[in-house]
2 protein chains.
Amino acid sequence: MLWILPAERPAMPAPPANSPGIRERETAPKNGAERRRAGRPAAAVLDLAGITAAALRLISENGYDGLTMAALARSLHVAPSALYNHVESKRDVLLLVEDHLTALVDVTAFAAEPWESAVRKWAWSYRDVFAEHTPLIPVIAVLPVTDAPRTLAMYETVSAGFRAAGFPEERIVSAIVALESFIFGSAYDVTAPADIFDSGSMAESTPSFTGAVRSLAAQGHGKPADVAFSLGLEALIGGFGALRE
Amino acid sequence: MLWILPAERPAMPAPPANSPGIRERETAPKNGAERRRAGRPAAAVLDLAGITAAALRLISENGYDGLTMAALARSLHVAPSALYNHVESKRDVLLLVEDHLTALVDVTAFAAEPWESAVRKWAWSYRDVFAEHTPLIPVIAVLPVTDAPRTLAMYETVSAGFRAAGFPEERIVSAIVALESFIFGSAYDVTAPADIFDSGSMAESTPSFTGAVRSLAAQGHGKPADVAFSLGLEALIGGFGALRE
DNA sequence: CCACTAAATGAATGCCGTTCATTTACGAGA
DNA sequence: TCTCGTAAATGAACGGCATTCATTTAGTGG
């Protein structure tokens, strides 16, 4: 199981490869790649914050295909099995990343703006964050909130905003879930190739759809994914707004 | 040793190739599981329809974890490499499955019912089909329609329905995309565990959210995923309906 | 009749996540 | 101060995965 992050433990950032002076290595391998010998090191090399940061760096460099336990270990100058002293499985690493990313979602508007614009800002921010991290979506979808304290914190802020806006209590969760579902699906949509709707050789047998695609392209303000997201989001905001008392 | 080969071998693990049993085969080749010798068989063993059917059977029995190229080959009584004469990669297998499933989505209402109820039926059907197949969603999201003729056919029917209902042409694709995004996200939601919103020990620090969860549970009509889907879908239908001319 | 291609086998590849025995260091209790 | 339990590292596995390749065999067009 994933251990909840301790409040930023002193963190001892990666100890400089060779601590100055105190003890010189006898066989001092002066080349950059000093090999650590087996056994517990004097100062811990790994912690959850470091693992999370390294995972995020790998993902930004090579995408989620680049995030393997071996690559993660290599980037931390550690044997792969060492990771398992801090994490139970690769899924735990994904959870760490997810927790980090959720904290990037902007919920500040709920404290300062009317409900409609607060929801709008939150939703766009949420979509933008996870459009870059769609492989996490299947993980989030099945993730009990207990395991994700920062996600839970986001829900608290959002649901408080809904409540303050006069939303009937028994519909708050459903409305948030519906919005989230739309956001996750739309995040995938952002990653779709530009020509996804090119019906190619079948254009003649699909006149209605092909015409609609061409008409959208002709209008063509903004990326199609953004236009669709805006259209759906405004419909949801409008529909949900009517539920307020 | 008693050695009975199951005629159709349901889920029984195959005997290891190096077991002594293999030697006995020479003296007893008469039972059902005849081993095919190398080289092209007189009649082709594999085709795309058979591969698709076998993949669907594996998925229904063991989920998507059970769908491996090795398992697929085994269920078709074929060596794994034989599959690659018909399919370029495992992704192709998933595409075959996706194409098959899309044909199961019910679009008939667009021919017979008013726009609102047609969209409603289509959306529920679409969600239900893919709720059982969420691992396909990342594949669909990036899939050019050219590669999925039946998906394209579905789009044609749906867009024709929107057009006939008076939808402005340049918004048809965006509306469908928005609905689809909501549907895919909601399909994930169906698979979530029942206690996903149990905030556990953090309940006291999240009063608004915890209260909303409890209130939903108290009302408790139908599954939460269905309630949220209905709420969002009706909002989208209402909002989009206003666009009609 | 022969060359070519299609469709099978079977062996091998490299990568993946994960496990396990082992080594070493730290810290608490006797 | 010794000692013992626990934490954190190494390094060598393991089985499973998708995929590739050489090989064998059967049908087909020229």
Side-chain angles (χ1 to χ4, degrees), chain A residues 1 3 6 9-10 12 14-15 17 19 22-23 25 29 33-51 54-55 58 62-96 135 139, chain B residues 13-18 22 25 33-51 54-55 58 62-96 135 139:
Chain A
M1 185 166 308
W3 290 311
R9 90 171 70 165
M12 189 67 68
S19 19
I22 299 228
R23 172 148 53 103
R25 281 180 196 277
E34 80 292 354
R35 177 111 85 251
R36 193 182 299 105
R37 73 185 198 279
R40 188 190 215 211
V45 178
L46 297 178
D47 60 18
L48 293 182
I51 291 173
L58 278 179
N62 307 309
Y64 278 82
D65 286 348
L67 181 61
T68 70
M69 295 302 272
L72 190 53
R74 196 178 325 118
S75 86
L76 290 162
H77 307 114
V78 142
S81 52
L83 295 168
Y84 289 87
N85 289 320
H86 301 264
V87 136
E88 273 202 348
S89 66
K90 181 176 180 179
R91 184 167 191 276
D92 278 2
V93 176
L94 294 178
L95 257 43
L96 289 172
V139 175
Chain B
N18 55 3
I22 211 70
R25 194 61 72 71
E34 78 290 356
R35 174 104 93 250
R36 204 180 356 259
R37 74 183 198 280
R40 189 191 213 208
V45 179
L46 296 177
D47 59 17
L48 293 183
I51 291 172
L58 279 180
N62 307 309
Y64 278 82
D65 287 348
L67 180 62
T68 69
M69 295 302 271
L72 191 53
R74 191 164 55 241
S75 85
L76 290 162
H77 307 113
V78 141
S81 51
L83 295 168
Y84 289 86
N85 289 319
H86 301 264
V87 135
E88 273 200 350
S89 67
K90 182 175 180 178
R91 184 166 192 277
D92 279 3
V93 176
L94 294 178
L95 257 42
L96 289 171
V139 175

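The sequence lines fix the lettering, A, B, ..., with proteins before strands; numbering per chain opens at 1.
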When rounded to whole Å, the CG to C1' distance for the pair L83(A) and dT19(C) reads 14 Å
The single option from H86(A), E88(A), M69(A) that satisfies side-chain contact (heavy atoms from CB on, under 4.5 Å) with V93(A) is M69(A)
Here the distance between atom P of dA7(D) and atom CD of E88(A), to the nearest Å, is 14 Å
Could you tell me if the side chain of V87(B) sits less than 4.5 Å from the side chain of L48(B), heavy atoms only? yes
From CE of M69(B) across to P of dG15(D) the rounded distance in Å is 23 Å
To the nearest angstrom, the CZ-P distance between R74(A) and dT10(D) comes to 14 Å
To the nearest angstrom, the CG-P distance between L46(A) and dT24(C) comes to 19 Å
Practice item. Indicate, yes or no, whether a donor-acceptor pair under 3.5 Å links the base of dA9(D) to the side chain of N85(A). Key: yes
Of dT20(D), dA9(D), dG17(C), the nucleotide closest to the side chain of K90(A) is dG17(C)
Is there side-chain contact between L83(B) and K90(B), with heavy atoms separated by less than 4.5 Å? no
Separation of dT19(D) atom C1' from Y84(B) atom OH, nearest Å, is 5 Å
Heavy atoms, side chains only, cut-off 4.5 Å: are N85(A) and L46(A) in contact? no
Margin query: Any base atoms under 4.0 Å from S81(B), or only sugar-phosphate, or nothing? Heavy atoms, all strands.
Written below: base
The residue, A43(B) or D65(B), whose nearest nucleotide of DNA chain D is more 5′ is D65(B)
Q) Does R36(B) make a side-chain N or O approach to OP1 or OP2 of dA8(C) shorter than 4.0 Å? A) no
Under 4.0 Å: is that the gap between some side-chain N or O of H86(A) and OP1 or OP2 of dA9(D)?
-> yes
Rounded to whole Å, the CG-P distance (L72(A) to dT18(C)) equals 12 Å
